[in-house]
Amino acid sequence: MNNLAKLKYLKISTKHFLAVIVTIFSLSTYAQQTTFTKGNKYTIAEITVNGNTSFSEQTIITYSGLRKGSEIQIPGEDISAAIKKLWNSNLFNDIDIYLLKVEDNNAFLEIRLSDLPELNALKITGVRKSKRETITKENKLEDGVKVTENLVTTTKNYLQNKYKKDGFYNAKVNINTIEVVDTLKKAKVNMVLAIDRGKKVKVKDIVFTGNSVLTDKKLRGTMKNTKKRVYPRLWKRSKYIEEDYKTDLTSLINKYKENGYRDARILSDSLIKNEDNTVSLKINLEEGEKYSFGDISFIGNTVYSDEQLKRVLRVNKGETYNGVLLQERIADNTKPDAADLTNLYQNNGYLFSTINPVEVNAEGNVIDMEIRIAEGKPTYFNSVTVHGNDVTNDKVIYRELRTRPGQLYSKANVVRTIRELSQLGFFDAEQISTDFKNPNPNEGTIDLQYGVVETGSSQIELQGGYGGGGFIGTLGLSFNNFSIKNILNKKAYKPVPRGDGQKLALRLQASKFYQTYSFSFTEPWLGGKKPVQFSTSVSHSKQFLYDSSTGNADKDKRFNITGISVGLAKRLSVPDDYFTLSQAVSFQHYDLKNYNTGLFTFGDGYSNNLAYTIGLSRNNTYNDPVFPTGGSNFNVSAKLSLPYSLFNNVDYGELADERAELMETTNGNDDAFTRISEIDQERFKMLEFYKIKFKADWYTEVLKIGKNSLVLRPSLEFGFLGAYNNDRGVIPFERFFVGGDGLGSYSLDGRESIALRGYENQSIQPVDEDGFVTSDGGSIYNKFSLELRYPITLKPSAKIYMLGFLEGGIAYNNFKDYNPFDLKRSSGLGLRLFMPAFGLLGIDFGYGFDSIPGQPNQISGWQTHFIIGQQF
């Protein structure tokens, strides 16, 4: 027998260690004419391949990187690298390279391996059919995937950890593979994935020992995620989740630190399994002694004085030691815009500054602190880029950035930029990211890249509801990222020209009693240099009177409105740049034909409405416009006409007296009615009025539940329609209609539908002196609302949140009767679903506690309100 030198690579369980563990060879020899010398260099004379594989010999040799005729050291790095390359291909296992023989300094090598098996079929047991597809996708167990030991181990660990996080502490997952005999001799296996979740494990009891300062009740209260089972508590489940439990242990110690016990620690904690499938938790504490703050000094600060830093730190000598508060005042990681020392420096360019609190003395339980500061150099942005915008043009994004190349670094500007990009509505707010690159503390520079994910911004609006005597339907097309410059470019239609941030909207609203058509266009950056928004709209509507004999609309009794408006809105810098000043000029022509109502005594006539609107708003809500978690939004506006009665030489006092006399003596006199109609035509030929509105919303995070926030949203609204000249009177247009879902109807005559859930649409109308409903809207209204919102999911694919609400509203015709607290009250529950493919879907179930005006003996009761919007 010839001497055989065998070089065998030690196989490892996962490819991730191949870069660290070098190939280990073992040598054995037997009789051969030429002696093999370990460590010498040899020329590869021949490479052969052996083993269970479907790949050709040449393909495998190519993968290995070894070449016939090349010189290599045996053993050496070339052999190790070849085995590593074959492992990294994720195609083979059992990889060995052997030295068969050596002749005249020529080496004959053999590669022995077998193919990794492919997944032929997957069977999942122990879960519902609806969950199997999710498991397959999340673990990438599609047919044909290479089945490695790493895949099996990773899948098993992932599923067990997932079920444990859901409270199934005893969950077990077993994975078996069965070899499949293939006619093509290709390595394949069937996989059986058996899941046994078991029952959810509840916490039966939490026992503390060693505590005397804080009671068991207070300590349990600090554990927000781990609760003992108590009946009938429903708002916090008592399931045991190890990860949450570890977090709660940290919170428990923080509670001691907040009360001055900085040395408090957990000596031991144990989990006891009970026979009833529950667990008991036993926590042994050492509280230590109570401490207070002593002298606090600053070292290393040159940019800010000690007094400036103390005003931000707000921790004084003699106060009870609070390690948690101290850390928050230095760097509060839960609030990106917190008023802490780190943000003080980082908002003014000192990105690389470090602030470390050091205890220098603790005698007598009084802790003296040194706040050691390394300020570093001021940092400037070297480059600022954005990636991920496949539809939106770069200029639309870059004009919203508060961070520019060459500009001094400011964390506040980075946070504000994320908010501005979120508010555009073109990107998924939850996926906007920042990536800092190439930090250079010595040069004081850094690169910043924002990452965005495009989301659907154009909408098809579909709304439906009942009000005004019938079904109200709305169909609208709203292109919120339009590009008007490409409107003639056929290649840009995908399905419409997009990317320039403009808004184009077409809207049709109809019932059997009215039709409205409108077109609007908005350019948010007129001229492209400053945030000056230009908007224009054109509209036309037809309204028909109710025919009591048929119950349908009488097309011969109509009210047509044609209007146009042009507006500008400018972002202000004072008091801050969250403010916007808006101005608009609008004109409507009202044309009536045989349209006689309580408001319109001139059934055949016209009115013109030329008005100027000015508004001031401030919106600093953040970050997700679908589900804001903080900030506020308010708007105050005034819509004004010219005071025509001052210069048109008409004595409206005389007309008012004449009209009052005619109203008292009409008695069916057609001539008197005709004269009243003429007077009213003169009064409302050119509409004279002023309209004041105010609306405010606040968003406050009241409770953090896991990763989600319980958000409180209080809001209030007020509107008033007045007249310059009391003899001329309040106009019959521009009025407020309260009640229902707020779907607009007849909106082009300036009237506004105010949502008040729990009541029918537009049912909250003013009542006259005789107790009769005017049914023509109010000139004054106010509304108060309180919502509590909780997100079910805020994933890009679907954002869902539920809400509970309390609200009340009322409408009047004059201040003499006005009582802002005599409200029509309601409460209820609702659900909102936002999906890029469908837009906003919402439903509210509201209960009205009070009677509808005109029906004093009947409360409103339960009402259902909904809205549907489709987005593509």
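Sequence positions, counted from 1, serve as the residue numbers for this chain.
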Taking Glu734 as the fixed residue, which of Lys639, Arg751, Lys693 is the one that meets the salt bridge (charged side-chain N to carboxylate O under 4.0 Å, His left out) rule? Lys639
Which value, rounded to the nearest 0.5 Å, describes the distance between Leu788 atom CG and Leu829 atom CG? 10.5 Å
Heavy-atom donor-acceptor pair, Arg683 side chain to Arg728 backbone, under 3.5 Å: yes
So, does Asn480 use its side chain to make a donor-acceptor pair with the main chain of Phe482 at under 3.5 Å? no
Is it the case that the side chain of Asp554 and the backbone of Asp556 share a donor-acceptor pair, with hydrogens and angles ignored and the cut-off at 3.5 Å? yes
Between Asn782 (side chain) and Pro820 (backbone), is there a donor-acceptor pair under 3.5 Å? yes
Could you label the plane-to-plane angle of the Phe736 and Tyr781 rings as parallel, tilted or perpendicular, counting under 30° as parallel and over 60° as perpendicular? tilted
ring-ring contact (aromatic ring centres under 6.0 Å, His included) between Tyr847 and Phe849, worked out: CA-CA 6 Å; Tyr847 186 85; Phe849 295 104; 5.2 Å; yes
Can a cation-pi geometry be assigned to Arg757 and Phe805, taking NZ or CZ under 6.0 Å from the six-membered ring centre and within 45° of the ring axis? yes
Can you see whether Phe544 has Lys555 sitting over its ring - NZ or CZ less than 6.0 Å from the centre and within 45° of the normal? yes
Indicate yes or no for a side-chain donor-acceptor contact from Glu688 to the backbone of Ser641 under 3.5 Å, with no hydrogens or angles considered. no
Give a yes or no answer on whether the side chain of Ser860 reaches the backbone of Gly758 with a donor-acceptor pair at less than 3.5 Å. yes
Would you please classify the geometry between the Tyr517 ring and the His540 ring as parallel, tilted or perpendicular, with 30° and 60° separating the classes? parallel
